[in-house]
Every structure is written in structure tokens, then in C-alpha cells.
Amino acid sequence: MKQVILIHAHKDIDQLNGLIAQLRDRDFHLYVNLDRKSALDPAAIDPSATLVRRRIDVHWGDFSQVQAALNSLAQIVDEVPDFDKVSFISAQDAPLLPNCALKRRLAALRRHELLDCVAIGAQGWSCAERYQYFHRERGGALARLACRGANRAMRAAGLTRSMVHRYQPWGGSSWWALSRDCVLFILGITAADKSIVRFFRHVACPDELFFQTLVMNSPFRHRVMNNNFRYIRWPADGARNPQVLAAADFDQIAAADAHFCRKLEASSSAALLPLLDELRQSRQTAPNSPGA
């Protein structure tokens with residue numbers, strides 16, 4: 001069955017086009033959502049990929065990250081009548097499998113939603129403050145002041161916001177692979193119930209809570225495999241941005257049961273990129289290698 005690979009991008013046209021070239025395949029529909037404030041020329045993007053028409057300014061940590069994904073998904077389901085999954089990646093990812101092996105892996109996982117997730121709370125991920133108070137980093141000064149005032153009043157009164165509809169909150173990685181049926185569910189519920197989007201507009205880093213919370217409070221929760229098959233290295237100091245990968249990370253990347261790795265920068269990862277290319281080539285003829 002056809003697969004969709006959705007790439008969100010904002011910089012480095014050569015890295016983006018190189019990724020598109022690697023993933024070019026008759027069984028893959030490639031989509032690129034380009035941040036509207038990006039300096040990249042959309043006309044310079046490899047025409048093998050379809051551009052998402054409804055572009056918006058994307059800002060780290062706010063709802064624009066979720067909205068950009070929803071815009072992308074709406075166009076995909078409208079234009080691709082039949083597909084297995086949407087695999088969501090960034091232009092700073094790299095595939096670790098040749099396309100033939102990636103197709104086999106996704107086919108084997110057809111009945112699963114590939115979603116990294118953990119329950120939010122005392123026994124799970126302690127980040128409830130992300131939704132319990134109002135977060136507004138952008139917008140007018142008056143709106144931000146009102147947000148801060150509301151939070152001060154809530155703290156003084158010992159009040160917090162409950163998750164919308166009192167859903168059990170879940171969080172995890174922003175990158176996932178979800179089935180067509182699951183995508184249709186998410187688009188349908190957010191279109192029908194505007195309170196969901198209104199709530200998440202005031203959540204900090206909602207891209208790490210939105211999809212997990214909706215899926216894990218839906219009938220699709222029983223299909224979730226708690227694994228997004230990404231290799232990501234997080235800094236030991238607890239920083240919120242992943243480490244840029246370099247050649248020293250290659251052995252761990254190669255041993256990982258992952259479909260993609262991130263985060264890559266053309267300069268800092270220069271010595272790693274040819275090693276990743278060699279790894280993909282070696283897996284063309286090694287079906288029993290990790291991830292194949």
C-alpha cells in the first residue's frame with residue numbers, strides 16, 4: 001500500500017532536496033510543508049514532492065506547530081485517496097533504511113499507530129504545568145499581560161486548568177506515523193469540536209501533547225505501539241532541543257531499531273552523512289540487519 005511521508009521544513013534547500021531524493025519512490029507520496037516565514041524559495045524544492053498550500057508562520061513551542069501539521073494532513077487526505085500511514089518527519093531527519101526496507105517495515109506495522117507516548121502525571125511525565133496554566137508567548141502585549149494575570153490569580157487561589165474534556169493527558173515526541181483512519185479521526189474531532197483547538201492554543205509546546213492526548217483518548221489507543229522508530233539523542237543536561245548528531249554517534253544509530261534519525265545539520269553532521277548513506281546501501285542486500 002502507498003505511504004505518505006510528510007516533511008516540515010524551514011531552512012537549507014540542499015538538505016531538504018537531498019532528503020526528497022533519498023525518499024523518491026513510486027510507492028511514497030512526499031509532501032513538504034514549508035514554514036511561511038522561511039527564506040527558501042518554494043520553486044526551488046524538488047518537484048517530486050507536493051507542497052502544502054496552506055502555509056503559516058511556525059514558531060517553536062506554540063500551537064502553530066500543531067496547526068501546520070493539521071493543515072498538511074487535511075490536504076493529504078483530500079489528495080491521496082488510499083494510503084497506509086503518514087510518517088511525519090522534519091527536513092533535518094535522515095532515513096536509516098533503503099526505501100524497499102522501509103516499505104516492508106511499515107507494511108509489517110500496518111495495524112499499529114507509531115506514536116511515542118507517556119502518561120502525564122506523578123507516575124509518568126511531570127509536565128502538567130504545560131496545560132494547567134495559560135501559555136501565550138506571542139501576540140499583543142495586552143493579551144500576554146492578561147495571560148500572566150490569570151495565571152497569578154489561579155496560583156493564588158490554588159486553581160489549575162483541567163485537560164480539555166478531562167481527557168487523560170499524554171505526551172511524547174512530535175514525530176510519529178499514523179494511519180489514514182487515525183488521521184481522519186483527528187481531523188474530524190478537531191473540526192467538530194472547536195474547544196479542543198481553543199484549549200491547546202494556550203498549552204506550552206502543544207506539539208508534544210496534542211496528538212498523543214487525542215489518540216490515547218480514542219478507540220485508536222489499542223493500536224498504539226509506543227515507539228515512533230526514531231533515533232534521537234537528548235542532551236544529558238535536560239535541554240529541550242535534541243543533540244545535533246555527528247560521526248561519533250554512528251555506531252549507536254546503526255544499532256538502533258529506527259526508521260529515521262535526527263537532528264542533522266549540514267555542517268556539524270558533515271562527516272556523519274556519508275556514513276548514513278553507506279548504511280542505507282548496505283541494508284539493500286542485508287534483510288536481517290537492524291531495522292530491515
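Everything numeric in this text was worked out from a predicted model, so none of it was measured.
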Quiz item: Which residues satisfy the salt bridge (Lys or Arg N to Asp or Glu O under 4.0 Å) test with Arg24, sequence neighbours excluded?
Solution: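 Salt bridge (Lys or Arg N to Asp or Glu O under 4.0 Å) list for Arg24, sorted by chain: Asp46.
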Any donor-acceptor pair under 3.5 Å linking the side chain of [X] with the backbone of [Y]?
X: Asp35; Y: Ala9; value: no
X: Ser269; Y: Leu245; value: yes
X: Glu113; Y: Val215; value: no
X: Arg280; Y: Leu97; value: yes
X: Arg221; Y: Met216; value: yes
X: Gln3; Y: Lys85; value: yes
X: Asn17; Y: Ala44; value: yes
X: Gln168; Y: Asn217; value: no
X: Ser126; Y: Ala122; value: no
X: Asp207; Y: Gly61; value: no

For residues [X] and [Y], determine if any side-chain heavy atom of one lies less than 4.5 Å from a side-chain heavy atom of the other.
X: Leu23; Y: Ile89; answer: yes
X: Leu184; Y: Ile186; answer: no
X: Ile196; Y: Asp193; answer: yes
X: His135; Y: Val203; answer: no
X: Leu73; Y: Val77; answer: no
X: Thr160; Y: Tyr131; answer: no
X: Gln75; Y: Arg54; answer: no
X: Phe185; Y: Arg180; answer: no

Could you tell me the separation between the [atom1] atom of [X] and the [atom2] atom of [Y], rounded to the nearest 0.5 Å?
X: Leu96; Y: Asp257; atom1: CG; atom2: CG; value: 10.0 Å
X: Asp93; Y: Ile232; atom1: CG; atom2: CD1; value: 7.5 Å
X: Phe134; Y: Arg148; atom1: CZ; atom2: CZ; value: 14.5 Å
X: Leu115; Y: Arg223; atom1: CG; atom2: CZ; value: 12.5 Å
X: Thr50; Y: Ile7; atom1: OG1; atom2: CD1; value: 10.5 Å
X: Leu109; Y: Leu114; atom1: CG; atom2: CG; value: 5.5 Å

Practice problem: Report the C-alpha separation of Gln281 and Asp277 in whole Å, then their side-chain angles, then the decisive distance to 0.1 Å, and conclude whether the side chain to side chain donor-acceptor pair (under 3.5 Å) test is met. | Solution: CA-CA 6 Å; Gln281 290 299 319; Asp277 287 340; over 6 Å; no
Self-check item: Whether His259 and Phe229 hold their rings parallel, tilted or perpendicular, with breakpoints at 30° and 60°
Solution: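 Correct class here is parallel.
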Can [Y] be reached from [X] by stepping across I, L, V, M, F, W or Y side chains whose heavy atoms are under 4.5 Å apart?
X: Leu51; Y: Ile20; result: yes
X: Ile189; Y: Phe63; result: yes
X: Leu70; Y: Ile56; result: no
X: Leu102; Y: Tyr31; result: no
X: Phe83; Y: Trp175; result: yes

Self-check item: Trace of the salt bridge (charged side-chain N to carboxylate O under 4.0 Å, His left out) decision for Asp82 with Lys2
Solution: CA-CA 7 Å; Asp82 187 28; Lys2 300 285 187 179; over 6 Å; no
Practice problem: Would you check, one step at a time, whether the test side chain to side chain donor-acceptor pair (under 3.5 Å) holds for Glu265 with Gln92? | Solution: CA-CA 7 Å; Glu265 297 276 1; Gln92 292 181 271; 3.0 Å; yes
Quiz prompt | Full working for side chain to side chain contact (heavy atoms under 4.5 Å, CB included) between Gln15 and Leu264 | solution = CA-CA 9 Å; Gln15 187 173 359; Leu264 302 172; 3.8 Å; yes
Practice problem: Start with the C-alpha gap between Phe200 and Phe210, add the side-chain angles, then the distance that decides, and say whether ring-ring contact (aromatic ring centres under 6.0 Å, His included) holds. | Solution: CA-CA 7 Å; Phe200 276 96; Phe210 182 86; 5.1 Å; yes
Quiz prompt | Check: Tyr231 ring centroid to Phe260 ring centroid under 6.0 Å | solution =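 No, ring centres 6.0 Å or more apart.
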Exercise. Compute both the distance and the angle, then confirm whether Arg161 meets the cation-pi test with Tyr133: under 6.0 Å from the six-membered ring centre, within 45 degrees of the axis.
Key: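 Relative to the ring axis of Tyr133, which defines the angle, Arg161 lies outside at least one limit.
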Quiz item: Are any of the side-chain nitrogens in Lys37 or Asp57 under 4.0 Å away from the carboxylate oxygens of its partner?
Solution: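 Answer for the salt bridge query: no.
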Exercise. Please say which of Ser173, Ser174, Ser87 ends up in a side chain to side chain donor-acceptor pair (under 3.5 Å) with Asn228.
Key: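 So, applying the side chain to side chain donor-acceptor pair (under 3.5 Å) to Asn228 and each of Ser173, Ser174, Ser87, only Ser173 qualifies.
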Exercise. For Pro95 and Gln22, work out which heavy atoms get closest and say how close.
Key: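 Heavy atoms only, the tightest pair is CD-OE1, 3.4 Å.
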Exercise. May I ask you to check whether over 12 heavy atoms, not counting those of Arg110, lie within 6.0 Å of atom CZ?
Key: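 Counting other residues, nucleotides and ligands, CZ of Arg110 stays at 12 neighbours or fewer.
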Quiz item: Taking it one step at a time, do Phe88 and His8 satisfy ring-ring contact (aromatic ring centres under 6.0 Å, His included)?
Solution: CA-CA 8 Å; Phe88 183 35; His8 278 201; 4.7 Å; yes
